[in-house]
Number of protein chains: 2
Amino acid sequence: MTQEQFAKYSFLLDRTARKVKQYAQQQFKQGNFDVTVDQWIVLKNLSEGGDMSQTELANLVFKDHPTLTRIIDLLVKKGYVERLPHPQDRRSFQLHLTDSGVSKVTSLRPKILQIREKAWENLDEQDFEEFKRILNTIYQNLGGQILE
Amino acid sequence: MTQEQFAKYSFLLDRTARKVKQYAQQQFKQGNFDVTVDQWIVLKNLSEGGDMSQTELANLVFKDHPTLTRIIDLLVKKGYVERLPHPQDRRSFQLHLTDSGVSKVTSLRPKILQIREKAWENLDEQDFEEFKRILNTIYQNLGGQILE
DNA sequence: TTCATATATTTGTCACACTAACTATTTGTA
DNA sequence: TACAAATAGTTAGTGTGACAAATATATGAA
């Protein structure tokens, strides 16, 4: 394995990740989902995890704080999320899905699961396991903490 | 394999790709390379492919035209690249590495190859093959054309 | 030749990633 | 208690990614 190969794999990884995101975003747009892929990830995690602070959410979705701040801003503007004051800590917010946010998640979830499926055609269970293991190894090699 | 799993893999892929880029960018910064990761990719391809138009380069690096225009703008500003008029086609440019660009590529190449290596520790030849195959399968599933 | 169409590049807009610096508040320790 | 250090979140700046529309030039068919 030459060093040149490593650069190629890095390139392939980047190219594929961009493609997956771009494909999903196109489908989102075509379906008039009114949210971006990243906004969806935030909504979904809020829906599953219940009210939480921005820091907790940032750790869940692996986005940095400035990025999350802006995504939340957009979701607040769209009326899907609200920032409630934290009862004990005045520096912090409790992020809360509005009724509109809840129904948005409910209506989009099945459509988005279907979109996500497309990328994984022609691959089998064992491929997924390998893929997960390799991705997590890379992540750890670069100092990341993997989950579970 | 549930639909939920597909969403998780999409997430892992995105997270890992971001990590790889972020890690490289940090090292670039620490070494005062004076270019970003994407600027490097452009310089490297120009160095290996010789003078070419922006369209040709865009296809090589899988970036869209507006993105490439802006990256080139920055590289021109830094003095590593120049836009020479195309002899036959006045719509087009020949992108050309300046002397400064050539020596930049020469000096950075070994350092960057070393940085790229880090992500791939604890993986073997077979892992790389699997990884490449899976990434290319995903890319094709979403309508992309793979090379070779 | 002329005009519709295609191509090369740029510009504008919105969203996201990362860094650094900043405000406000809380916590730990002397 | 007082004050330094840590934490929650925001703002600003730069770079990149996707998409649409605009400009300039080239090409092909009538």
Side-chain angles (χ1 to χ4, degrees), chain A residues 14-30 33-42 52-59 61-78 81 83-95 142 144, chain B residues 14-30 32-42 52-59 61-78 81 83-95 142-144:
Chain A
D14 181 62
R15 184 181 80 156
T16 306
R18 272 190 284 136
K19 189 69 164 185
V20 167
K21 189 159 185 177
Q22 184 204 5
Y23 175 80
Q25 190 59 60
Q26 272 178 355
Q27 301 298 114
F28 275 39
K29 179 164 193 170
Q30 201 172 314
F33 289 3
D34 186 41
V35 290
T36 65
V37 171
D38 297 278
Q39 288 163 21
W40 164 253
I41 290 169
V42 165
M52 67 183 86
S53 73
Q54 292 190 193
T55 296
E56 289 171 303
L57 186 52
N59 292 333
V61 299
F62 289 84
K63 292 185 183 299
D64 58 27
H65 297 234
T67 298
L68 192 59
T69 290
R70 285 179 182 116
I71 292 176
I72 300 290
D73 285 348
L74 292 170
L75 291 173
V76 168
K77 200 176 295 178
K78 290 177 181 176
V81 172
R83 287 181 168 106
L84 305 177
H86 188 288
Q88 275 82 44
D89 190 337
R90 283 191 300 167
R91 293 169 306 181
S92 182
F93 298 113
Q94 286 298 105
L95 299 174
L142 302 181
Chain B
D14 181 61
R15 183 181 79 157
T16 306
R18 273 189 283 139
K19 189 71 166 186
V20 168
K21 189 157 185 180
Q22 184 203 5
Y23 175 80
Q25 190 58 59
Q26 273 178 355
Q27 301 298 116
F28 276 38
K29 179 161 195 171
Q30 201 173 314
N32 292 308
F33 289 3
D34 187 41
V35 291
T36 66
V37 171
D38 297 278
Q39 288 163 22
W40 164 253
I41 290 169
V42 165
M52 65 184 88
S53 73
Q54 294 191 188
T55 296
E56 289 170 302
L57 185 52
N59 292 334
V61 299
F62 289 84
K63 294 185 183 297
D64 66 9
H65 297 228
T67 298
L68 191 60
T69 290
R70 285 168 184 130
I71 291 175
I72 299 291
D73 285 347
L74 293 171
L75 290 172
V76 168
K77 201 175 295 176
K78 290 177 180 176
V81 172
R83 287 182 168 106
L84 304 177
H86 187 289
Q88 274 83 44
D89 189 339
R90 282 192 299 166
R91 294 169 305 179
S92 183
F93 298 112
Q94 288 296 108
L95 298 174
L142 302 182

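Every chain is numbered from 1, with letters handed out A, B, ... down the list of sequences.
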(request) Would you mind reading off the distance between A:K21 atom NZ and D:dC19 atom P, rounded to a whole angstrom? (result) 12 Å
(request) Grab the CD-P distance between A:Q25 and D:dC19 for me, whole Å please. (result) 8 Å
(message) Looking at B:Q88, I'd like to know whether one of its side-chain N or O atoms comes within less than 4.0 Å of OP1 or OP2 on D:dA26.
(response) no
(message) Counting the atoms with a prime plus P, OP1 and OP2 as sugar-phosphate, which does B:L74 contact under 4.0 Å by heavy atoms, base, sugar-phosphate, or nothing?
(response) sugar-phosphate
(request) List the protein contact pattern of nucleotides 19-24 of chain C with one symbol per nucleotide (5' to 3'): B for base contact, S for sugar-phosphate-only contact, - for none; contact means a heavy-atom distance under 4.0 Å. (result) BB---B
(message) If you only use heavy atoms from C-beta on, which nucleotide in D:dA18, C:dA17, C:dT11 is closest to the side chain of A:R18?
(response) D:dA18
(message) Using five base pairs at each end to define the local axes, how bent is the helix from C:dT1-D:dA30 to C:dA30-D:dT1, to the nearest 10°?
(response) 10°
(request) Grab the CZ-P distance between A:F93 and D:dA8 for me, whole Å please. (result) 13 Å
(message) Rounding to an integer number of Å, can you tell me how far B:D38 CG sits from D:dT14 P?
(response) 18 Å
(message) Heavy atoms only, 4.0 Å cut-off, all strands: where does B:T69 land among base, sugar-phosphate and nothing?
(response) base
(request) Report the distance from atom CH2 of B:W40 to atom CZ of B:F33, rounding to the nearest 0.5 Å. (result) 9.0 Å
(message) Taking the minimum atom-to-atom distance to the side chain of A:T36, which one of C:dA15, D:dT10, C:dA8 wins?
(response) C:dA15
(message) In the structure I gave you, are the side-chain heavy atoms of A:R91 and A:H86 within less than 4.5 Å of one another anywhere?
(response) no
(message) Once rounded to the nearest 0.5 Å, what's the spacing between atom OG1 of A:T36 and atom CD1 of A:I71?
(response) 6.5 Å
(message) If you assign each of A:S53 and B:K78 to its closest nucleotide in DNA chain D, which residue comes earlier from the 5' end?
(response) A:S53
(message) If I take atom NZ in residue A:K19 and atom P in nucleotide D:dG17, what distance separates them, rounded to the nearest angstrom?
(response) 14 Å
(request) Whole angstrom is fine here: how far is it from CD1 in B:I72 over to P in D:dT16? (result) 11 Å
(request) Considering non-hydrogen atoms only, spot the tightest contact between B:A24 and B:V37 and give its length. (result) CB-CG2, 3.8 Å
(request) With rounding to the nearest 0.5 Å, note down the distance linking NZ in A:K29 to CD in A:Q27. (result) 12.5 Å
(message) Taking the nucleotide of DNA chain D with the nearest heavy atom to each, does A:R83 or B:D89 sit closer to the 5' end?
(response) A:R83
(request) Could you list all the salt bridge (charged side-chain N to carboxylate O under 4.0 Å, His left out) pairs where at least one residue sits in residues 64-76 of chain B, not counting sequence neighbours? (result) B:D73-B:R83
(message) Counting C-beta onward and ignoring hydrogens, is there a side-chain heavy-atom pair between B:K63 and B:D38 closer than 4.5 Å?
(response) yes
(request) Starting at atom NZ of B:K63, determine the distance to atom C1' of C:dT10, rounded to an integer number of angstrom. (result) 18 Å
(request) Provide, to the nearest angstrom, the distance between the CD atom belonging to A:E56 and the P atom belonging to D:dA8. (result) 9 Å
(message) What's the separation between atom CD1 in A:I72 and atom CD in A:Q39, rounded to the nearest 0.5 Å?
(response) 9.5 Å
(message) Working to the nearest 0.5 angstrom, can you tell me the gap between A:D14 CG and B:K21 NZ?
(response) 5.0 Å
(request) Enter the distance from B:Q94:CD to B:D89:CG here, rounded to the nearest 0.5 Å. (result) 9.5 Å
(request) Name the residue closer to the 5' end of DNA chain C, choosing between B:L68 and A:V37 according to the nucleotide with the nearest heavy atom. (result) B:L68
